[in-house]
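Taking it in order: structure first as structure tokens, then the write-up.
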Amino acid sequence: MKFDYLIVGAGYAGCVMAERITSELGKKVLIVDKRDHIAGNAYDYYDEAGLLVHKYGPHIFHTSSKKVWDYLSQYTEWNPYVHHVKAVVEGKLVPVPFNLNSLYTVFPPDFAQKLENKLIGYYGFGLKIPILKMRETDDADIKFLAEYIYKNVFLGYTIKQWGLKPDELDYTVTSRVPVFISRDDRYFQDTYQGIPKYGYTEMFKKIIANKNIRILLKTDYKEIIDDIKFDKIIYSGPIDYFFDYSHGELPYRSLKFSLVNFDMEQFQSGAQINYPNNHDYTRITEFKHLTMQNHHRTTVAYEYPQPYVIGENDPYYPIPRAENDEIYKKYAADAEKLKNVIFVGRLADYKYYNMDQIVGVTLQKFEKSIAHLR
Ligand SMILES: Cc1cc2nc3c(=O)[nH]c(=O)nc-3n(C[C@H](O)[C@H](O)[C@H](O)COP(=O)(O)OP(=O)(O)OC[C@H]3O[C@@H](n4cnc5c(N)ncnc54)[C@H](O)[C@@H]3O)c2cc1C
């Protein structure tokens with residue numbers, strides 16, 4: 001059988017492309033994934049105790065793009081979940097990103113009030129200030145607060161998460177952790193937030209439910225590429241692997257997830273609790289809060305950051321540093337020259353995308369590079 005497109009990767013990039021190509025152009029598509037399931041890193045499944053869990057870490061959907069929300073809403077209903085995170089600091093549970101409410105959990109009320117007034121007067125209400133920027137202030141009270149947050153909330157978490165000190169990381173990473181001059185405790189401020197009502201994997205099954213889409217799992221595309229006929233490739237795997245590491249390996253941070261089931265209804269007060277200063281894990285997630293599942297037991301995930309080693313664990317977060325960007329640019333230049341291959345996805349673009357971003361990027365890429373073949 002001949003396919004019009006060979007799609008490498010059954011995550012958002014691969015499956016959204018497959019849906020667009022088959023629904024809009026009526027072409028035939030083969031999706032190949034080396035894992036034993038679809039949905040990429042968003043994959044969820046029922047564990048032995050019957051709890052719906054996320055295999056590759058907690059995935060919370062949030063977007064301000066109506067286009068992306070409407071697109072996915074064709075394939076799922078949503079649980080109206082809004083994410084809140086707390087960090088354990090000196091034995092107390094502190095809302096993060098650090099905001100005006102957080103002040104009152106760590107300082108006596110009078111001092112917290114003084115700092116609140118200072119922050120609003122200095123920056124204005126509703127602003128998000130990156131912690132490294134706040135540390136540069138010349139106001140003594142704000143400087144004290146910035147050092148407190150840096151030391152207790154930011155530094156330990158960053159070193160655990162990245163294996164690097166904040167000044168060794170690109171500003172795009174460190175600026176992701178702001179202080180929010182607001183009472184808004186939500187982790188994300190996006191217009192649309194939720195978790196697919198029946199899970200991500202069920203949503204993916206619907207996205208690719210088209211008779212012109214075939215799926216081949218547990219297969220690296222290089223094992224079959226010479227044995228099948230196709231016109232074009234959509235590639236959402238690692239770009240350095242595609243080019244046989246000709247310019248060297250692109251570094252990633254990896255993670256190990258330890259999922260533990262407990263004989264209790266509830267393990268912790270919210271979906272996510274961070275541990276910036278103690279333990280080897282960075283955070284514990286309790287899935288029931290996300291999935292809204294009723295069950296007499298509960299499953300949580302402990303998350304341990306790890307160095308990425310090819311063939312041993314998974315590449316999760318690209319490490320944004322200038323020297324890595326230089327390597328990526330060489331691969332991107334090689335990719336430009338290939339007219340029959342379209343690169344899209346977090347591994348192909350060596351870029352951290354949230355789920356809504358990769359859906360948006362993929363829809364755009366379809367419109368720009370493929371839709372004219374209608
Ligand atoms: C721990 C963690 C938590 C996250 N939490 C959130 C969140 O809360 N909210 C949010 O919006 N985003 C979150 N994300 C981001 C989200 O996972 C990504 O946006 C999404 O996975 C990107 O989709 P993708 O299709 O580009 O990549 P992927 O989902 O990784 O899909 C790529 C697929 O390609 C396959 N593949 C790779 N190489 C080959 C090969 N050689 N042959 C065949 N198949 C191959 C892989 O097996 C994989 O299934 C999180 C990411 C991580 C790592």
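When a ligand or atom number is given, it counts from 1 through the structure's own listing order.
- When all heavy atoms of Pro305 and Lys160 are compared, the pair lying nearest together is CB-O, 3.1 Å.
- With Gln357, His59, Lys218 as candidates, the residue nearest to atom 16 (C) of ligand 1 on a non-hydrogen basis is His59.
- Every atom of ligand 1 is numbered from 1 in the order shown, and the set under 4.0 Å from a heavy atom of Tyr221 is 40 (C), 41 (N), 42 (N), 43 (C).
- When heavy-atom distances to ligand 1 are checked against a 4.0 Å cut-off, Asp220 comes that close through both its backbone and its side chain.
- The protein non-hydrogen atom at the shortest distance from atom 32 (C) of ligand 1 is Ser236 O, 3.9 Å.
- Contacts between Ala348 and ligand 1, counted as non-hydrogen atom pairs separated by less than 4.0 Å, are absent for every part of the residue.
- For Tyr56 and Phe257, the distance between ring centers is not under 6.0 angstrom.
- Residue contacts with ligand 1: Thr219 is included, with a non-hydrogen atom under 4.0 Å away.
- Residue Leu255 has no nitrogen or oxygen atom sitting less than 3.5 Å from a nitrogen or oxygen atom of ligand 1, judged on distance alone.
- Near Gly345, meaning under 4.0 Å from one of its heavy atoms, ligand 1 places the atoms 26 (O).
- Comparing Gly40, Gly9, Ala13 by heavy-atom distance to atom 25 (O) of ligand 1, the nearest is Ala13.
- Rounded to the nearest 0.5 angstrom, Tyr302 OH and Tyr281 OH are separated by 5.5 Å.
- Scanning the protein for heavy atoms near atom 12 (N) of ligand 1, the closest one is Met355 N, 3.3 Å.
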>> Go through it in stages, so that I can follow the logic: the residues are Val96 and Ser102, the test is side-chain contact (heavy atoms from CB on, under 4.5 Å), and I'd like the CA-CA distance, side-chain angles, deciding distance and then a yes or no.
In response: CA-CA 7 Å; Val96 288; Ser102 317; 5.9 Å; no
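- Looking from atom 27 (O) of ligand 1 to the surrounding protein, the closest heavy atom is Arg346 NE, 3.4 Å.
- For the pair Asp44 and Val53, the minimum side-chain heavy-atom distance is 4.5 Å or more.
- Of the candidates Lys2, Lys27, Lys28, Lys2 is the only one forming a salt bridge (charged side-chain N to carboxylate O under 4.0 Å, His left out) with Asp231.
- The protein heavy atom nearest to atom 18 (C) of ligand 1 is Tyr353 O, 3.4 Å.
- On a distance-only criterion, Tyr235 and ligand 1 share no N/O pair closer than 3.5 Å.
- Contacts of Tyr241 with ligand 1, taken as heavy-atom pairs under 4.0 Å, involve the side chain alone.
- When side chains are defined from C-beta on, Leu30 does not count as touching Tyr5, because their heavy atoms never get closer than 4.5 Å.
- Interface atoms of ligand 1 facing Arg35, defined by a heavy-atom separation under 4.0 Å, are 47 (O), 48 (C), 49 (O).
- By the criterion of a heavy-atom distance under 4.0 Å, the side chain of Val8, and not its backbone, is placed next to ligand 1.
- The contact set between ligand 1 and Ile358, taken as ligand atoms under 4.0 Å from a residue heavy atom, comprises 19 (O), 22 (C), 23 (O), 26 (O).
- Of the protein's heavy atoms, Ile60 N, 3.4 Å lies nearest to atom 7 (C) of ligand 1.
- Each of the following atoms of ligand 1 lies closer than 4.0 Å to a heavy atom of Gly11: 25 (O), 29 (O), 31 (O).
- Looking only at protein heavy atoms, the nearest one to atom 2 (C) of ligand 1 is Tyr317 OH, 3.5 Å.
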>> Quick one, Tyr353 with Tyr12, criterion ring pair (Phe, Tyr, Trp, His ring centres under 6.0 Å). Give me CA distance, side-chain angles, the key distance, then yes/no.
In response: CA-CA 11 Å; Tyr353 291 123; Tyr12 278 100; over 10 Å; no
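- Taking a cut-off of under 4.0 Å to the non-hydrogen atoms of Tyr316, the atoms of ligand 1 that pass are 53 (C).
- Regarding atom 13 (C) of ligand 1, its nearest protein heavy-atom neighbour is Tyr352 OH, 3.4 Å.
- Among all heavy-atom pairs drawn from Asn277 and Val88, the shortest one is ND2-O, 4.1 Å.
- More than 12 heavy atoms of other shown residues, nucleotides or ligands fall within 6.0 angstrom of atom CD in Glu168.
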> Passes side-chain contact (heavy atoms from CB on, under 4.5 Å), Thr63 versus Leu72? Steps please.
Replying inline: CA-CA 11 Å; Thr63 188; Leu72 290 179; over 6 Å; no
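- Going from atom CG of Leu51 over to atom NZ of Lys288 covers 6.5 Å, rounded to the nearest 0.5 Å.
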> Taking it one step at a time, do Tyr104 and Phe111 satisfy ring pair (Phe, Tyr, Trp, His ring centres under 6.0 Å)?
Replying inline: CA-CA 9 Å; Tyr104 294 84; Phe111 187 50; over 10 Å; no
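- Short contacts between ligand 1 and Val32, defined as distances under 4.0 Å to a heavy atom of the residue, involve ligand atoms 43 (C), 44 (N).
- Here the protein heavy atom with the shortest distance to atom 46 (C) of ligand 1 is Asp33 OD1, 3.6 Å.
- Applying the 4.0 Å criterion to heavy atoms of Tyr56 picks out, from ligand 1, the atoms 1 (C), 2 (C).
- The distance between the ring centers of Tyr252 and Tyr350 falls below 6.0 angstrom.
- For Ala42, the closest heavy-atom approach to ligand 1 does not fall below 4.0 Å.
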>> What verdict does the side-chain contact (heavy atoms from CB on, under 4.5 Å) test give for Val153 and Val89, after you've listed the backbone C-alpha separation in whole Å, the side-chain angles of each residue and the deciding distance to 0.1 Å?
In response: CA-CA 7 Å; Val153 184; Val89 175; 4.1 Å; yes
